[in-house]
2 protein chains.
Amino acid sequence: MRIGQLAARTGLTTKTIRFYESAGVLPAPARRPSGYRDYDEDAVDRLAFVKAAQAAGLSLAEIREIITVRASSGAPCQHVLTLLDSHAADLDRRIAELTALRADVERLRSRAGILDPATCSPAAVCQVIPADVVARHVPTT
Amino acid sequence: MRIGQLAARTGLTTKTIRFYESAGVLPAPARRPSGYRDYDEDAVDRLAFVKAAQAAGLSLAEIREIITVRASSGAPCQHVLTLLDSHAADLDRRIAELTALRADVERLRSRAGILDPATCSPAAVCQVIPADVVARHVPTT
DNA sequence: CTTGACCTTCCAGCGCAGTGGAAGCCCTAG
DNA sequence: CTAGGGCTTCCACTGCGCTGGAAGGTCAAG
């Protein structure tokens, strides 16, 4: 099938499919004499995997790596599990950070009621956002 | 004071300070005859505000807008509160998304034990990541 | 006078996952 | 024969917050 039909069947754009090929997550397909790409059914499965892996939070670089492992040393399950674990840990960290930030934003909000706008200095712009929030949200990333 | 000293006092780099000026979050300072930037104490306060607002999750574009409001119509407290509210709502959404993703990653992990690597098709790469995760993590962003 | 630290400008690139557009070929229907 | 829709390549751009480097000016110490 040509790229347009593959796009229709997978819900991606032709642009994205070509980009995935260049990104190494979709093998270069056969070509017709005209130069048109000619895909088989495997391409549909592969793109389904790419979408699923993205939905699971993996980057294209990680997906490419999984595919490489699969091609060179068989089933990449162990590698995938390691990746998933490290992503779960990342997610836990991010969730904790965002939750802390959420609490701090709430704190600023409720504290704002007792402030007098007249006491804001122009250089400091707005005392609703005080300097001490920096200390609580240090370079975590 | 010159830019190097301002950088030392704020913990930023000279590059970043010039970038902030071009981004409109720090006013252009006076210049010495040599062309060197010459900052006053207000610059320290301003950069403290920028850092604090960043730590509170605001983008430079939002910070610039707050500063513009401040310059044109006085204390921007109401504007800042609106921004904080909308950011709190964003954070709630992001946290919910990440939490759902975290649960799904966990689900994949624990389900992986009962899979036979031999039943993975090469095109689908790895059945640890099944197509149905896509449905649960639809285009949310 | 020279060295070196500091400053100036401008231009380029990072990572990420695409998206947009231009110039041109292929193929079929009318 | 022409129009159109599809396909090809390549290059540039998006958003975000910087960071790096080149080429050159300034200033104080030795």
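The sequence lines fix the lettering, A, B, ..., with proteins before strands; numbering per chain opens at 1.
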Whole-Å distance separating the [atom1] atom of [X] from the [atom2] atom of [N]:
X	N	atom1	atom2	answer
A:R64	C:dG18	CZ	P	13 Å
A:L26	C:dG18	CG	P	13 Å
A:L12	C:dG18	CG	P	8 Å
A:F19	C:dT19	CZ	P	9 Å
B:Y39	C:dC6	OH	P	16 Å
B:L60	D:dG17	CG	P	4 Å
B:R32	C:dC6	CZ	P	14 Å

With respect to the phosphate group of D:dG17, does any side-chain polar atom (N or O) of B:T16 fall under 4.0 Å of OP1 or OP2?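 Answer is no, no contact under 4.0 Å.
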Under a 4.0 Å N-O cut-off, is there an ion pair linking A:E97 with A:R93?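 A:R93 and A:E97: not salt-bridged.
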Distances for protein N or O near nucleotides 7-9 of chain C N or O, under 3.5 Å:
unit_1, atom_1, unit_2, atom_2, d
C:dC7, OP1, B:G4, N, 2.7
C:dT8, OP1, B:R37, N, 2.8
C:dT8, OP1, B:R37, NH1, 2.9
C:dT8, OP2, B:R18, NE, 3.0
C:dT8, OP2, B:R18, NH2, 2.8
C:dT8, OP2, B:R37, NH1, 3.4
C:dT8, O3', B:R31, NH1, 3.4
C:dT9, OP1, B:R31, NH1, 3.4
C:dT9, OP1, B:R31, NH2, 3.1
C:dT9, OP2, B:R37, NH1, 3.0
C:dT9, OP2, B:R37, NH2, 2.9

For residues [X] and [Y], report the shortest heavy-atom separation together with the two atoms involved.
X	Y	result
A:V50	A:I63	O-CD1, 3.8 Å
A:E21	A:A28	OE2-CB, 3.6 Å
B:G24	B:R64	O-CG, 3.5 Å
B:A52	A:A131	CB-CA, 3.9 Å

Joint cluster assignment, B:Y36 & B:Y39, ILVMFWY side-chain distance < 4.5 Å: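 No.
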Spell out, as yes or no, whether a donor-acceptor pair under 3.5 Å connects the side chain of A:K51 to the backbone of A:T10.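 At least one qualifying donor-acceptor pair exists.
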I'd like to know if the side chain of A:R102 and the backbone of B:D92 have a donor-acceptor N/O pair within less than 3.5 Å. no
Are the side chains of A:V133 and A:R107 in contact, using a 4.5 Å heavy-atom criterion?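 Result yes, sub-4.5 Å side-chain heavy-atom pair found.
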Indicate yes or no: at least one non-hydrogen side-chain atom of A:M1 is less than 4.5 angstrom from one of A:E41. yes
When the nearest nucleotide of DNA chain C is assigned to A:T13 and to A:P33 on a heavy-atom basis, which residue is associated with the more 5' position? A:T13
With rounding to the nearest 0.5 Å, note down the distance linking CG in A:D38 to CD in A:Q5. 10.5 Å
Could you tell me, to 10°, how much the axis swings from one end of the helix from C:dC1-D:dG30 to C:dG30-D:dC1 to the other, five pairs per end? 40°
Could you list by number each residue of residues 47-58 of chain B showing a heavy-atom separation from DNA chain C of less than 4.0 Å, or answer none if no residue does? none
